[in-house]
Amino acid sequence: MGTKKVTITIYGAEQICASCVGAPGSKDTYEWLQAAIGRKYIDDPIAYEYIDINQPQEEEKHQQFVKRIMEEDLFYPIVFVNDEMVAEGIPRLKTIYQSLDKYGIQLQAYRIQE
């Protein structure tokens with residue numbers, strides 16, 4: 001049974017967005033998400049990528065989306081699971097978990113949940 005590869009992409013910036021006062025920084029969110037997902041899921045099939053919206057992007061899809069963040073003044077960090085936006089601003093784990101469940105990512109079933 002081949003497991004699907006899921007890519008979790010986080011778009012963010014060093015600076016917290018003006019409307020996001022009190023929100024954790026994008027890099028912190030990126031690390032926190034990896035830890036949270038790793039506790040709940042067997043995350044071997046998951047790849048993580050962090051996109052700094054203030055850096056030049058090589059990939060077309062990232063260039064396009066960064067442009068959209070700027071033009072539409074979206075809140076960041078923004079979290080994608082594959083090509084689906086699952087969080088804008090402060091991410092909710094529940095929404096991200098639901099998305100991972102959809103892709104059939106396996107739970108850490110045999111580990112004791114704290």
Chemist: Assess whether side chain to side chain contact (heavy atoms under 4.5 Å, CB included) is satisfied between Tyr11 and Leu74, documenting all intermediate values.
Modeler: CA-CA 11 Å; Tyr11 290 87; Leu74 300 176; over 6 Å; no
Chemist: Walk me through it: do Met85 and Phe65 pass the test side chain to side chain contact (heavy atoms under 4.5 Å, CB included)?
Modeler: CA-CA 11 Å; Met85 191 199 293; Phe65 192 69; 3.6 Å; yes
Chemist: Go through Asp43 and Leu100 one step at a time and tell me if the side chain to side chain contact (heavy atoms under 4.5 Å, CB included) criterion holds.
Modeler: CA-CA 10 Å; Asp43 64 356; Leu100 292 174; over 6 Å; no
Chemist: Can you measure from NZ (Lys5) to CD1 (Ile105) and round to the nearest 0.5 angstrom?
Modeler: 9.0 Å
Chemist: To the nearest 0.5 angstrom, please state how far the CZ atom of Arg39 sits from the CG atom of Leu107.
Modeler: 14.0 Å
Chemist: Do you know which two heavy atoms are closest between Phe80 and Asn82, and how far apart they sit?
Modeler: CB-O, 3.6 Å
Chemist: Just wondering, do Ser99 and Tyr103 contact through their side chains at under 4.5 Å, heavy atoms?
Modeler: yes
Chemist: Atom OG1 in Thr29, atom CD1 in Ile10: separation rounded to 0.5 Å?
Modeler: 7.5 Å
Chemist: Determine whether Gln34 and Tyr30 make a side-chain contact, defined as any pair of heavy atoms from C-beta on separated by less than 4.5 Å.
Modeler: yes
Chemist: Under the 3.5 angstrom rule, does the side chain of Thr7 hit a backbone N or O of Ala47 as a donor-acceptor pair?
Modeler: no
Chemist: Give the table of side-chain donor-acceptor pairs shorter than 3.5 Å for residues 86-98, with sequence neighbours excluded, one pair per line with atom names and distance.
Modeler:
unit_1 : atom_1 : unit_2 : atom_2 : d
Glu88  : OE2    : Phe75  : N      : 2.9
Tyr97  : OH     : Ala36  : O      : 3.4

Chemist: Starting at CD of Glu72, measure out to NZ of Lys67 and round the result to the nearest 0.5 Å.
Modeler: 11.0 Å
Chemist: If you take all heavy atoms of Tyr76 and Gly12, which pair is closest and at what distance?
Modeler: CD1-CA, 4.2 Å
Chemist: For residues 49-58, which side-chain N or O atoms pair as donor and acceptor with protein atoms under 3.5 Å away, sequence neighbours left out?
Modeler:
unit_1 : atom_1 : unit_2 : atom_2 : d
Glu49  : OE2    : Thr9   : OG1    : 2.8
Asp52  : OD1    : Asn54  : N      : 2.8
Gln57  : NE2    : Asp52  : O      : 3.0
Gln57  : NE2    : Gln55  : O      : 3.2

Chemist: Does any N or O in the side chain of Gln108 come within less than 3.5 Å of the main-chain N or O of Lys40, such that one atom is a donor and the other an acceptor?
Modeler: no
Chemist: Out of curiosity, Leu33 CG to Ile8 CD1, how far, rounded to the nearest 0.5 Å?
Modeler: 7.0 Å
Chemist: Are the side chains of Val6 and Val81 in touch, meaning some heavy atoms are under 4.5 Å apart?
Modeler: yes
